[in-house]
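Note sheet for the following structure.
Only this structure's heavy atoms are used, side chains among them; waters, hydrogens and symmetry mates stay out. Computed from a predicted structure; not experimentally measured. Each chain gets a letter, A, B and so on, in the order its sequence line appears, and its residues count up from 1.
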2 protein chains.
Amino acid sequence: MTNETDPRFARSRDAILNAARELLLESGPTAVTHAQVADRSGVGRATVYRHWPQTGPLLLEAMATVPMPFFDKPTAPTREWLRRELTAIARQLELDDVRAVATTLANTALWDENMDASRARFASILADRLAIALDDAQARGEITLTLTSRNAAAMTIGPMYYRSTIERAPTDSALIEAAIAALGAWSTD
Amino acid sequence: MTNETDPRFARSRDAILNAARELLLESGPTAVTHAQVADRSGVGRATVYRHWPQTGPLLLEAMATVPMPFFDKPTAPTREWLRRELTAIARQLELDDVRAVATTLANTALWDENMDASRARFASILADRLAIALDDAQARGEITLTLTSRNAAAMTIGPMYYRSTIERAPTDSALIEAAIAALGAWSTD
DNA sequence: TGCACTGCGAGTCAAACTGTCTCATAAGAT
DNA sequence: ATCTTATGAGACAGTTTGACTCGCAGTGCA
């Protein structure tokens with residue numbers, strides 16, 4: 001049967017995933033078909049079927065190859081860390097492929113349960129990491145939260161996400177600062 | 001040729017649009033094909049082609065039949081009006097069809113310029129209305145904005161949009177209050 | 001180096017789907 | 001009552017889809 005370690009297998013797999021990612025970025029999720037992926041990757045059509053009999057999982061794995069913005073391990077002071085992270089996320093959201101993956105995830109998840117699981121995983125990683133960082137910061141007296149820490153992700157990423165996907169414009173630093181300030185009262189020292 | 005006022009024409013058109021909207025809601029934008037719309041609407045396949053030779057414009061018009069949340073005409077006091085409007089938008093975002101239209105718009109707009117024009121129109125209506133209302137409120141001394149009024153839509157709708165489309169959970173009132181507070185310093189009288 | 005293994009490309013094939021056209025019908029206008 | 005015209009049904013070629021073959025060649029092992 002299929003040997004996962006065979007270099008030929010790995011080569012085809014990579015070529016297919018690359019082509020799928022390119023197609024998603026250039027023409028959207030509907031362009032990720034067996035035929036188009038085969039053409040683009042130079043791999044035979046039958047080979048694409050062998051690796052991914054359904055295009056859904058292929059699209060899912062292709063999306064996973066795009067590095068998505070996450071909250072890195074928090075450092076002190078939390079406010080500076082948060083500012084850095086949010087700025088990085090804002091910059092990421094200006095990249096075409098990140099926007100493509102994010103909006104495809106949000107949209108496809110409404111009808112595809114595998115995609116929905118992926119969305120949920122992504123959302124909870126972001127929410128968890130930020131909540132932990134903020135709870136720690138509060139414990140250290142850096143901030144007095146006016147918001148549940150579970151609301152922090154929506155409050156900070158939400159505006160940037162809306163700005164880049166609906167308003168389709170870059171996020172300015174004023175928006176980031178306002179979001180940081182909205183989390184609670186930061187101690188000024 | 002085609003007579004726009006012919007009741008037969010209007011009947012078919014309505015049936016087609018309804019079927020397209022239902023298909024979008026149930027199975028996503030890829031389900032809006034001539035064949036499926038014809039089946040669902042009970043209209044002949046040729047008739048669907050006669051009305052909309054391309055499925056793109058059909059999807060666009062079908063989406064326009066879903067009532068999307070907008071900022072209504074502002075009333076005083078602005079803070080109460082804003083709270084009411086945001087609460088209404090949050091409730092709208094919990095409806096499946098509104099979420100389907102919003103995320104389909106954001107996603108499809110990345111590759112379809114007609115969809116992108118629709119997205120831009122929608123975004124600027126929201127941003128304009130809110131900006132005008134807030135500038136007026138500031139002129140009347142109700143608030144001192146800490147944010148450009150152009151940033152207000154992203155700051156207020158963004159968190160709710162992220163919450164409903166990425167985190168897939170209802171918006172609580174604390175999130176709305178925090179967003180309102182983040183706009184600036186409200187006069188307390 | 002030579003051999004056995006197995007993933008691969010190319011091709012075939014039926015089924016389904018797409019887009020276009022024709023034609024008889026009946027709903028609607030006059 | 002008669003003319004107009006949107007419609008449904010169906011035919012049709014061209015394309016796409018998904019499932020197979022088969023000979024070939026890259027790979028691991030002796």
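Straight-line distance from the CH2 atom of B:W52 to the C1' atom of C:dG19: 18 Å, rounded to whole Å. B:R50 has its CZ atom 18 Å from the P atom of C:dT18, to the nearest Å. Between the CG atom of A:L58 and the P atom of D:dG18 there is a distance of 13 Å, given to the nearest Å. Here D:dT15 presents its P atom at 15 Å from CD of A:Q36, a figure rounded to the nearest Å. Spacing between atom CG of B:D39 and atom C1' of D:dG8 amounts to 13 Å, rounded to whole angstrom units. Atom-to-atom, OH of B:Y49 to P of C:dC21 comes out at 12 Å; the value is rounded to the nearest Å. With rounding to whole Å, B:D6 atom CG is found 10 Å from C:dT30 atom P. Put simply, CZ on A:F9 is 14 Å from P on C:dT6, counting in whole angstrom units.
Distance check: B:S164 OG to B:E94 CD gives 8.0 Å after rounding to the nearest 0.5 Å.
Judged by distance alone with a 3.5 Å cut-off, no donor-acceptor contact links the side chain of B:R8 to the base of C:dG28. Checked by distance alone, B:R45 brings no side-chain donor or acceptor within 3.5 Å of a matching partner on the base of D:dG8. Judged by atom type and distance alone, A:R13 does not reach the base of C:dG7 through any side-chain donor-acceptor pair under 3.5 Å.
A:A35 comes within 4.0 angstrom of sugar-phosphate atoms only, judged by non-hydrogen atoms across all strands, and of no base. In this structure, A:P53 reaches neither bases nor backbone, as no heavy-atom distance under 4.0 Å exists between it and the strands shown.
Close to D:dT7, at under 4.0 Å from its OP1 or OP2, lies a side-chain N or O of B:S12.
For B:P7, counting side-chain heavy atoms from C-beta on, the closest listed nucleotide (C:dA10, D:dA9, C:dG28) is C:dG28.
Between B:L24 and B:L59, some side-chain heavy-atom pair lies under the 4.5 Å cut-off.
Projected onto DNA chain C by closest heavy-atom contact, B:H34 and B:R11 fall at different nucleotides, the more 5' of which corresponds to B:H34.
Note: A:Y161 and B:Y162 have perpendicular aromatic rings, judged against thresholds of 30 and 60 degrees for the angle between ring planes.
Annotation for A:E80: atom CD counts as buried by contact number, over 12 foreign heavy atoms lying within 6.0 Å. The environment of B:E26 atom CD is dense: over 12 non-hydrogen atoms of other residues, nucleotides or ligands sit within 6.0 angstrom.
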